[in-house]
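Encoded as structure tokens, the structure appears first; notes follow it.
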4 protein chains.
Amino acid sequence: MDARQARTRAKLLEALLSLLEREPFEAITVRALAAAAGVGYATFFRHYPSKEALLDDLAADEIAELLGRAMPLMSVKDSGRACVALFDFVARRKALWRALLTGGAAPILRAQFIDQARAIAAGFAGPPPDDGCPVDLRVTFATSATLEIIAWWLGQDEAEALPTERIAAILNRLAITPTVGQG
Amino acid sequence: MDARQARTRAKLLEALLSLLEREPFEAITVRALAAAAGVGYATFFRHYPSKEALLDDLAADEIAELLGRAMPLMSVKDSGRACVALFDFVARRKALWRALLTGGAAPILRAQFIDQARAIAAGFAGPPPDDGCPVDLRVTFATSATLEIIAWWLGQDEAEALPTERIAAILNRLAITPTVGQG
Amino acid sequence: MDARQARTRAKLLEALLSLLEREPFEAITVRALAAAAGVGYATFFRHYPSKEALLDDLAADEIAELLGRAMPLMSVKDSGRACVALFDFVARRKALWRALLTGGAAPILRAQFIDQARAIAAGFAGPPPDDGCPVDLRVTFATSATLEIIAWWLGQDEAEALPTERIAAILNRLAITPTVGQG
Amino acid sequence: MDARQARTRAKLLEALLSLLEREPFEAITVRALAAAAGVGYATFFRHYPSKEALLDDLAADEIAELLGRAMPLMSVKDSGRACVALFDFVARRKALWRALLTGGAAPILRAQFIDQARAIAAGFAGPPPDDGCPVDLRVTFATSATLEIIAWWLGQDEAEALPTERIAAILNRLAITPTVGQG
DNA sequence: CTCTAATCGAGACGGTACGTCGCGTCTTACG
DNA sequence: CGTAAGACGCGACGTACCGTCTCGATTAGAG
């Protein structure tokens, strides 16, 4: 791949990331994006068909990194550690994740998240415990619930927000255990 | 209140309802709405500041009716019956609820739903069991999870979709019991 | 005629007059007019088909009064006195005449003025000196030129404006004498 | 400058010119203009802030050409020739000038005309004969009177209209001589 | 002095044009 | 000769007035 292409893509991703911390995704125009990236307006469309596609790209990276931190620790008996790792990661990039989970960005992020989660779930060898709940629903539920809890936490007042261990424990109890364990 | 106003409002609500069954909310323009309602374009804005506000109104009605069916049956020991009632209601208005839970309509519906759920939760006398999970998060989680599961169910292929009792049971186990009970 | 009607008409005329001193005619909406007159919006249309018609009414009164002052003094040998009377009258209602001669009000006023001038000219018995200039053009020219000079005078800075005798003399020389006399 | 811009501007001017021959300026909407020019509606505003500005542009061209024909012939002793040239020019574009001198277009045209006339007057070296009439008023009067006489002539019935030499002579006598000469 | 009809206020309504904004395509001028 | 800059067509937005209309609530002026 052309080095210039890679550079442009990187600049666009970075620009989106920086704009997202200042205004909601819906309010970001392609023109602003191109300007912030120091790139011609038409050039944007040579790389992405829409700003949604760019966000999708950004979300893929971000989520992959998040899951890369949390999933290795995940196991039936010790999912709690994974949850703590997850919140530690999110806590370090609050502004970005707040932007990703609110407004117009949320559906795209959600879809990406579910896709990646599904891919990982498919990788697990063992047959899921059959309690009548389809695997697809398990994944959807766990993912959505996780995002929901993260979003709620990010929306709280900075001062009185729950510490990461506490919120991680809640996440584990409400979203992870019921879908991973035997129910 | 002027009888004309009430008539116009009703026509607008009905028009939105009918358009929602054909196209996603984002794709519905105010002009199309006004035309479908047989109402002047400017008249729309005399009643609602935006199509979102109209949707909010519609959602409020719809959710109030849904909760009116399900909540009376709700109790700690027998929330299952409420879940079945809920899915029976949704099943009867599949097209509409599909529209409400997908695309741009979802956030508005979600917010309405959480508001109404919070109001109901506030009505419950007894202090919630303190397991470290704030009431606000309980409500948010239960509501989101419920909507998530409904949305998943509506998204399934008609042919192989789970029967309402089965999906209701799953809803009860994943979303209701963990937040209502002692955890 | 109903006393209420007369009262409403008077209130509308007065309202227009007062609004004209604050904003140009084009910027005055029928709604503002009705409000300023303390009259229902629809009521306006029960009296005048448009704000132009109301202005026409107002202009007719105003011009009739102006001509009533100036014309009696008019004669071939002593038109100068008439011109002074004319400017004295205008000077006393500067704000109004400024409004009438600027912006959207001007054409209507002009038309009224020419009509009334033509009517008066028709009343003069003697055949006009035939120098090849049609009477209609004489009247149009004299009227327009008069209004033009008045408008210019009203547009001048208050401080350095010409005294009425001076401007009256100019009016007499440029507009009146050439059309009344033998040329 | 971009060739497209020039092309668009030309198309807009031409469109206005052609529409003016069919309907009064006030009745021409920006939408109709854009459509007649074969140009997008929003594109209009990329070139002119309002239809008035476009008319101003058109008027500037038209008046410059008119004055270009008439002024070179102008001199104290032989202004008559200039008047004839002026009416010859106007006669050749009757429809357009009728449109320019009636209705909403008139004030704009008048202002343009006075501006250009003032510029030309300022170019004349010699000090004006001081008869107590300010130069500014001279110019305003001569210009207005000229336009007035042209407008009257254009408004006459085609059949019985005065020949150009006759109306030119009248113009010279009523408007030009009194302001250029010693009065 | 009453009663009946004209007149009024209030304001909802269907229209139409406005000027703005963002999109995604396509032309052009420049390096 | 390719590429960024940006002009363009499109279409929805929300605003502002327009003039029509339907209400009741007054209020003349005729009987």
Side-chain angles (χ1 to χ4, degrees), chain A residues 4 8 26-35 37-46 48-52, chain B residues 1-9 11-12 26-35 37-53, chain C residues 1-9 11-12 26-35 37-53, chain D residues 1-9 11-12 26-35 37-51 53:
Chain A
R4 287 169 297 179
T8 300
E26 323 82 273
I28 298 176
T29 72
V30 175
R31 288 195 144 82
L33 221 32
V39 148
Y41 173 64
T43 300
F44 178 91
F45 294 99
R46 290 188 194 107
Y48 296 99
S50 66
K51 63 176 181 173
E52 279 75 19
Chain B
M1 166 177 292
D2 201 316
R4 288 170 293 179
Q5 286 196 49
R7 221 178 308 141
T8 299
R9 273 186 142 84
K11 283 197 281 186
L12 284 174
E26 322 83 90
I28 299 175
T29 70
V30 174
R31 290 195 143 82
L33 257 166
V39 147
Y41 174 65
T43 298
F44 177 90
F45 295 99
R46 291 184 186 115
H47 294 267
Y48 297 99
S50 66
K51 62 176 180 171
E52 280 75 19
Chain C
M1 168 179 290
D2 199 316
R4 288 169 291 180
Q5 284 195 43
R7 223 180 306 145
T8 300
R9 273 185 143 85
K11 283 197 282 185
L12 284 173
E26 324 83 272
I28 299 176
T29 72
V30 175
R31 290 194 144 82
L33 222 30
V39 148
Y41 173 63
T43 299
F44 177 91
F45 295 99
R46 291 183 187 115
H47 294 266
Y48 297 98
S50 65
K51 63 176 181 174
E52 280 75 19
Chain D
M1 167 176 293
D2 201 314
R4 288 169 291 179
Q5 285 194 51
R7 222 179 306 145
T8 298
R9 272 185 142 85
K11 284 198 281 185
L12 285 173
E26 323 84 90
I28 298 176
T29 71
V30 175
R31 288 193 145 82
L33 257 167
V39 146
Y41 173 64
T43 297
F44 178 91
F45 295 99
R46 291 184 185 116
H47 293 266
Y48 297 99
S50 66
K51 62 177 182 173

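Note: hydrogens, waters and symmetry copies are ignored here, and every other heavy atom, side chains too, is used. All chains are named by letter (A, B, ...) in the order of the sequence lines, taking the proteins before the strands, and each is independently numbered beginning at 1. This one's a predicted model, so the numbers in the text were calculated from it and none came from an experiment.
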Rounded to whole Å, CD1 of B:Ile28 lies from C1' of F:dC13 at a distance of 16 Å
Classify B:Thr8 by what it touches in the nucleic acid, base, sugar-phosphate, or nothing, heavy-atom distance under 4.0 Å.
sugar-phosphate
Bend of the helix from E:dC1-F:dG31 to E:dG31-F:dC1 from end-axis comparison, five pairs per end, nearest 10°, comes to 30°
(message) So, does D:His47 get its side chain near the phosphate of F:dC8, meaning an N or O under 4.0 Å from OP1 or OP2?
(response) yes
Which of F:dC13, F:dG9, F:dG29 is nearest the side chain of B:Thr29? It is F:dC13
Phosphate OP1/OP2 of F:dA4: any A:Thr43 side-chain N/O under 4.0 Å: yes
| said: Counting distance alone, no hydrogens or angles: does the base of F:dG29 have a donor or acceptor under 3.5 Å from a partner atom on the side chain of C:Arg4? | reply: no
Assign D:Arg9 to base, sugar-phosphate, or nothing according to its heavy-atom contacts below 4.0 angstrom with the strands shown. nothing
Pi-cation contact, B:Tyr48 with B:Arg9 (under 6.0 Å, within 45°): yes
To the nearest angstrom, the CD-C1' distance between A:Glu52 and E:dG22 comes to 12 Å
Quiz prompt | Donor-acceptor contact below 3.5 Å, side chain B:Lys51 vs main chain B:Ile28 | solution = yes
When rounded to whole Å, the CD to P distance for the pair B:Gln5 and E:dA10 reads 16 Å
Tightest non-hydrogen contact, residues A:Gly40 and A:Ala34, listed as O-CB, 3.9 Å
* Report yes or no: is there a donor-acceptor pair, N or O only, under 3.5 Å between the side chain of C:Arg46 and the base of E:dG9? => yes
Between B:Val39 and B:Phe44, the two heavy atoms sitting closest are CG1-N, 4.4 Å
Residue pair C:Pro49/A:Ala42 against DNA chain F: nearer the 5' end by closest nucleotide is A:Ala42
In whole angstroms, the gap separating P of E:dC13 from CZ of B:Phe45 amounts to 15 Å
Taken to the nearest 0.5 Å, the spacing of B:Thr8 OG1 from B:His47 NE2 works out to 4.5 Å
In whole angstroms, the gap separating P of E:dA12 from CZ of B:Arg7 amounts to 13 Å
Does any N or O donor sit under 3.5 Å from an N or O acceptor when you compare the side chain of C:Arg31 with the base of F:dG19? yes
Comparing C:Lys51 with A:Gly38, nearest DNA chain F nucleotide closer to 5' gives the residue A:Gly38
Of B:Ala3 and C:Ala6, the one whose closest nucleotide on DNA chain E sits nearer the 5' end is C:Ala6
In this structure, CZ of C:Arg4 is separated from OG1 of C:Thr43 (nearest 0.5 Å) by 11.0 Å
Item to check | Donor-acceptor pair under 3.5 Å, D:Tyr41 side chain vs F:dG9 base | outcome: no
d(B:Tyr41 OH, B:Thr29 OG1) to nearest 0.5 Å is 8.0 Å
Rounded to whole Å, CZ of D:Phe44 lies from P of F:dA7 at a distance of 17 Å
note: D:Leu33, atom CG; E:dG19, atom P; distance rounded to Å ~ 12 Å
task = Quick one: label A:Val39 by what it contacts on the DNA or RNA (base, sugar-phosphate, nothing), any heavy atom closer than 4.0 Å.
result = nothing
